[in-house]
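A short worksheet on the structure shown next.
What's counted below: heavy atoms across the whole structure, side chains too, no hydrogens, waters or symmetry copies.
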Amino acid sequence: MPRATSERFSRIHKPSIKPGTTAQSSRSQDNGESSSSGVRNPIFNTERFGQHILKNPQIAQTIVDKANLRPTDKVLEVGPGTGNLTVKILEKAKHVTAVEMDPRMAAEVTKRVQGKPEQRKLDIIIGDFVKAELPYFDVCISNTPYQISSPLVFRILSHRPLPRVAILMFQREFAQRLVARPGTDLWSRLSANVQLYSKVDMIMNVGKNNFRPPPQVESSVVRIAPLDPPPPVKFEEFDGLGRIVFSRKNKTVHASFTAKGVMEMLEKNWRTWCSLQNVVRCGGKNGLTTDDASIKEMVAKVLDSTGYSDQRAAKMTVDDLLKLLSAFHDVGIHFA
């Protein structure tokens with residue numbers, strides 16, 4: 001499974017308060033943090049990394065509680081910021097590995113546990129989560145820097161061994177797409193890809209005023225429980241099919257396959273597969289050879305025989321997509 005595999009939700013958040021607007025400094029003290037403006041934190045340039053520090057201790061505690069941590073658990077935390085979640089995780093877990101991009105924030109987290117028993121239970125990786133080498137972990141908890149939302153989800157689902165659960169904070173629209181169901185407006189390729197490999201539930205919504213600096217949008221917390229063992233489906237194939245049918249999800253599946261470049265790509269993949277299989281006649285029940293086969297005819301026959309030709313991706317379930325993918329594989333058509 002590739003590092004960033006689905007629709008990347010990369011809208012960068014900006015503070016909701018216009019530059020020059022002042023905020024009460026008495027409200028900006030929280031666990032060693034200091035901020036004299038609603039716009040930016042003078043100590044930590046959190047906006048640089050797309051981070052918004054969760055300042056509400058009750059919400060932080062709820063997130064940790066929803067993970068149902070065990071005393072033997074090793075936890076991965078992505079984007080610990082100044083450690084408001086970290087210290088609560090350390091109270092329940094055996095060990096925490098925190099991945100933080102900003103060295104100054106990493107130093108702040110270290111300072112909060114320095115000289116305490118929790119110090120021995122904490123390791124900090126300073127660097128880009130997308131590129132970092134991850135250790136074994138049972139649970140992932142994250143107030144996610146929103147521009148790495150999609151890479152975070154798919155890296156967790158591709159990690160081996162699989163974690164038991166992940167409790168993740170996302171921009172609300174992204175979270176809603178993760179849990180969306182077929183037939184709803186937000187059902188998408190992202191929804192299908194994630195739900196193929198995991199069970200996803202919405203836990204709670206979090207208002208923008210619970211963060212420093214406050215983002216322009218609301219947030220939500222989701223629970224992702226990877227399916228273990230995962231389904232025996234090559235992700236690149238499933239995602240490749242989804243890329244085609246969800247490109248125009250309210251059009252018929254047949255119409256999606258007529259988009260520019262799709263047939264050329266499928267024919268190239270098909271001929272490559274035939275060559276690798278060392279077969280002269282290719283195309284399964286169609287009885288077409290590599291010389292006289294029409295990829296358009298093959299695709300049309302698959303869509304008609306499965307009954308999905310006039311279906312719309314907006315209403316197709318994960319099982320529907322798997323059945324269609326299997327039918328294409330039966331005649332040697334692949335998507336990656």
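- Counted by atom type alone, T272 and S275 present zero donor-acceptor pairs between their side chains at under 3.5 Å.
- Classified by interplanar angle (parallel below 30°, tilted 30° to 60°, perpendicular above 60°), the ring pair F246/W187 is perpendicular.
- Remark: D123 pairs with H95 by the side-chain hydrogen bond (donor to acceptor under 3.5 Å, both in side chains) rule, at least two apart or across chains.
- Residues passing the salt bridge (Lys or Arg N to Asp or Glu O under 4.0 Å) test with D73 are R164, sequence neighbours excluded.
- Screening residues 136-153 for salt bridge (charged side-chain N to carboxylate O under 4.0 Å, His left out) gives no qualifying pairs among residues at least two apart or on separate chains.
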_Worked check of side chain to side chain donor-acceptor pair (under 3.5 Å) between R112 and N84_ = CA-CA 9 Å; R112 293 184 67 170; N84 294 341; 2.6 Å; yes
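- Considering every non-hydrogen atom in both Q195 and V179, the closest pair reads NE2-C, 3.7 Å.
- Applying the side-chain hydrogen bond (donor to acceptor under 3.5 Å, both in side chains) rule to pairs touching residues 314-325 yields Y308-D320, T317-D320, sequence neighbours excluded.
- In summary, the side chains of N193 and R243 do not present any donor paired with an acceptor at a separation below 3.5 Å, with no hydrogens or angles considered.
- A side-chain donor from one of R172 and S220 sits under 3.5 Å from a side-chain acceptor of the other.
- Atom CD of E264 has more than 12 heavy atoms from other residues, nucleotides or ligands within 6.0 Å.
- In this structure, the side chain of E218 engages the main chain of K208 through a donor-acceptor pair within 3.5 Å.
- Across all non-hydrogen atoms, the minimal contact from F170 to S149 is CD2-OG, 3.5 Å.
- Taken together through direct or relayed side-chain contacts under 4.5 Å among Ile, Leu, Val, Met, Phe, Trp and Tyr, L186 and L196 form parts of separate hydrophobic clusters.
- The hydrophobic cluster containing M204 also contains L85, counting ILVMFWY residues as joined when their side-chain heavy atoms lie under 4.5 angstrom apart, directly or transitively.
- Note on K121 versus E118: no salt bridge recorded, every NZ/NE/NH1/NH2 to OD/OE distance being 4.0 Å or above.
- For the pair M265 and I244, the tightest heavy-atom approach, listed with the atom from each and the gap, is CE-CD1, 3.9 Å.
- Listed by first and then second residue, the ring-ring contact (aromatic ring centres under 6.0 Å, His included) pairs involving residues 96-142 are F137-H159 (not counting sequence neighbours).
- Checking E237 against H329 by side-chain atom types alone, a donor-acceptor pair falls below 3.5 Å.
- Looking at residues two or more places apart in sequence or on another chain, you find no salt bridge (Lys or Arg N to Asp or Glu O under 4.0 Å) involving K234.
- In terms of modelled atom types and a separation under 3.5 Å, the side chain of N210 and the main chain of G207 share a donor-acceptor contact.
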